[in-house]
Amino acid sequence: KAGVTQTPRYLIKTRGQQVTLSCSPISGHRSVSWYQQTPGQGLQFLFEYFSETQRNKGNFPGRFSGRQFSNSRSEMNVSTLELGDSALYLCASSPGGTGDNYGYTFGSGTRLTVV
Amino acid sequence: KQEVTQIPAALSVPEGENLVLNCSFTDSAIYNLQWFRQDPGKGLTSLLLIQSSQREQTSGRLNASLDKSSGRSTLYIAASQPGDSATYLCAVAVAAGNKLTFGGGTRVLVKP
């Protein structure tokens, strides 16, 4: 069973540019969550998508957005990049239903460096 | 607001010693608690999931306990090995489909 796939693994962007990251969840999973990890703030929740709808959102500025497609693959976009956006971006896959008690499976992450 | 704390932030032990990692959370109304391992520059690997109705979970050399009333979970790793060196993170969910709130992690070094 394939795991969670994140692409690309590494990105270097310039301040002011925008970037799109991709996440393919485990087959059959309908929920994809995104997290930002930095040395100073640790792991922080960005947003969660379930069946193409944003179900939960963290406290990040509107420059951070996402979407989910009908095949459950998700993308997150960061516009007008700032140096502080440099981080490891992780996505997590889960079945997503509210009736079951499940854990989350994480991908290997995308390392974004803003210069 | 749920807050999760892991103390100590770093731990160094000789090979063969048992590891005890602590996690505390402020709101006892959790849905489940999950322990993860993270190697430098890598993603998170799930180790154990404890549902709110459970007291403990075991997998091989790993055992995790949960005491909701006191807001604590402990991860025990028996007979540590150098390959256990990593950062260990605990995370709680307060509802199904809800976000995970992470602790800051404990960085473990097992010396040969």
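Bear in mind the structure is a predicted one, so any value in this text is a computation, not a measurement. Below, chains carry the letters A, B, ... as their sequence lines are ordered, and counting in each starts from 1.
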T80(A) and Q18(A), any side-chain heavy atoms less than 4.5 Å apart: no
Contact origin within F47(A) toward chain B - heavy atom pairs under 4.5 Å: neither
Aromatic centroids of Y104(A) and F106(A) separated by under 6.0 Å: no
Interface moiety of F45(A) toward chain B, non-hydrogen atoms closer than 4.5 Å: side chain
Would you be so kind as to tabulate the donor-acceptor pairs closer than 3.5 Å made by side chains of residues 82-89 of chain B, with sequence neighbours excluded?
| unit_1 | atom_1 | unit_2 | atom_2 | d |
| --- | --- | --- | --- | --- |
| D84(B) | OD1 | R61(B) | NH2 | 2.9 |
| D84(B) | OD2 | R61(B) | NH1 | 3.0 |
| D84(B) | OD2 | R61(B) | NH2 | 3.2 |
| D84(B) | OD2 | Q81(B) | N | 2.8 |
| S85(B) | OG | P82(B) | O | 2.9 |
| S85(B) | OG | V110(B) | N | 2.9 |
| Y88(B) | OH | D84(B) | O | 2.6 |

Contact origin within Q37(A) toward chain B - heavy atom pairs under 4.5 Å: side chain
Row check, F50(A) ring normal vs R55(A) NZ/CZ: under 6.0 Å, within 45°: yes
Among the listed options T45(B), T101(B), L44(B), the residue most often paired with chain A at heavy-atom distances under 4.5 Å: L44(B)
